[in-house]
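Encoded as structure tokens, the structure appears first; notes follow it.
Counting convention: from 1, in listed order, for ligands and their atoms alike. Computed from a prediction, not measured in an experiment: that's the story for all the values here. The basis for the numbers below is simple: all heavy atoms, side chains too, and nothing from hydrogens, waters or symmetry mates.
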Amino acid sequence: MILESAQAIVSGGASGLGLAVATEIADAGGQVTILDINEEAGNAAVAQVGSGASFVRTDVSDDASVSAAVDFAVEKMGGITLSVNCAGIIGAGLALGKNGPMPASKFEQVLKVNLLGTFLLARTCANAMRDNPETENGERGVIINTASVAAFEGQIGQSAYSASKGGIVGMTLPLAREFARDGVRVMTIAPGIFLTPMMEALPEHVQESLASQIPFPRRMGKPAEFARMVTSIYANPMLNGTTIRLDGAIRMQPK
Ligand SMILES: NC(=O)c1ccc[n+]([C@@H]2O[C@H](COP(=O)([O-])OP(=O)(O)OC[C@H]3O[C@@H](n4cnc5c(N)ncnc54)[C@H](O)[C@@H]3O)[C@@H](O)[C@H]2O)c1
């Protein structure tokens, strides 16, 4: 698939990794529709990305909202050939905290945004991709999800987050197998530690401790490096049905 002619949806595109992906695609000449729950940041992102990018306020955990956003993107761009889901929340907390057990609603909320949201966007975009003409490789589209290394070695306080991200890893292969009949690939990226507003929100000593655990390069990842992974996946038809760690060899410790 050729980035210059991509018709891309980027969820969570108002910030961090998603914003870097939207920027990279637009800079290459592709069309971009940003989906995000944060309207103010979404409008600012469109101004920053330029190149005719558009924004539609979307809650990825809400089926009707996702459906309306995908319809908007199809109408605006003439189709969707790439869907990158970067919307996500951290929802850290102990299962048994100082104030008692984690409320069920908190656990549910993290699963709803991170896991259900990924599923809703993937299946809705795959449906839209069926209308695309085939490339010479027989491809109609690419879906890229964002998990986390916490899917594999979640830290204390990440039970909800790790469960949601592990679920994304788990559904990557069955979705790829199912959408193969339509020429749609499904891939997941599991980032290590990247310097985004999500990370900047953590206390400085936590940021430093996380960065020092990365063997090489001994620093947090740059959002542009995540975006480069997205564009590599898009361009390579053999990448399908798996999760790629993008993490400088970090293996997260219990805390
Ligand atoms: N930054 C990291 O180190 C890191 C590491 C591993 C995984 N990740 C994952 O990468 C993704 C992007 O993270 P980031 O660091 O760029 O975070 P970020 O907070 O900078 O961006 C996340 C975006 O998602 C949006 N969002 C949240 N809930 C939403 C919803 N219900 N519907 C639509 N949009 C919603 C937010 O408004 C925000 O713009 C997340 O899924 C995160 O879990 C990040």
Please list all pairs meeting side-chain hydrogen bond (donor to acceptor under 3.5 Å, both in side chains) that have one or both residues in residues 18-40, counting only residues at least two apart or in different chains. E24-T231
Could you check whether any heavy atom of [X] sits closer than 4.0 Å to an atom of ligand 1, since that is the contact criterion I want to use?
X    : value
K165 : yes
G192 : yes
C86  : yes
A147 : yes

Looking only at protein heavy atoms, identify the closest one to [atom] and say how far it is in Å.
atom                    : value
atom 32 (N) of ligand 1 : V60 N, 3.0 Å
atom 16 (O) of ligand 1 : L17 N, 2.8 Å
atom 15 (O) of ligand 1 : T196 OG1, 2.4 Å
atom 19 (O) of ligand 1 : M198 CB, 3.6 Å

Would you mind listing which atoms of ligand 1 come within a distance below 4.0 Å of any non-hydrogen atom of [X]?
X    : result
G16  : 16 (O), 20 (O)
T58  : 32 (N), 33 (C)
I193 : 3 (O)
F194 : 1 (N), 2 (C), 3 (O)
T146 : 9 (C), 10 (O), 11 (C)
M199 : 1 (N), 2 (C), 3 (O)
N38  : 37 (O)
V113 : 28 (N), 31 (N)

Whether over 12 other heavy atoms sit under 6.0 Å from N99 CG: no
Does any N or O of ligand 1 fall below 3.5 Å from an N or O anywhere on S61, backbone included? no
Options L210, D36, V21, ranked by nearest heavy atom to atom 39 (O) of ligand 1, top entry: D36
Counting only heavy atoms, tell me which of G88, G91, A69 gets closest to atom 22 (C) of ligand 1. G88
If you measure from the Lys or Arg side-chain nitrogens to the Asp or Glu carboxylate oxygens, is any gap between E208 and R218 under 4.0 Å? no
Residue pairs fulfilling salt bridge (Lys or Arg N to Asp or Glu O under 4.0 Å) with at least one residue in residues 120-134, sequence neighbours excluded: D63-R123, R130-D182, E134-R140
Under 3.5 Å side-chain donor-acceptor pair for T118 and N145: no
Would you tell me whether D59 and S61 have side-chain atoms, one donor and one acceptor, within less than 3.5 Å of each other? yes
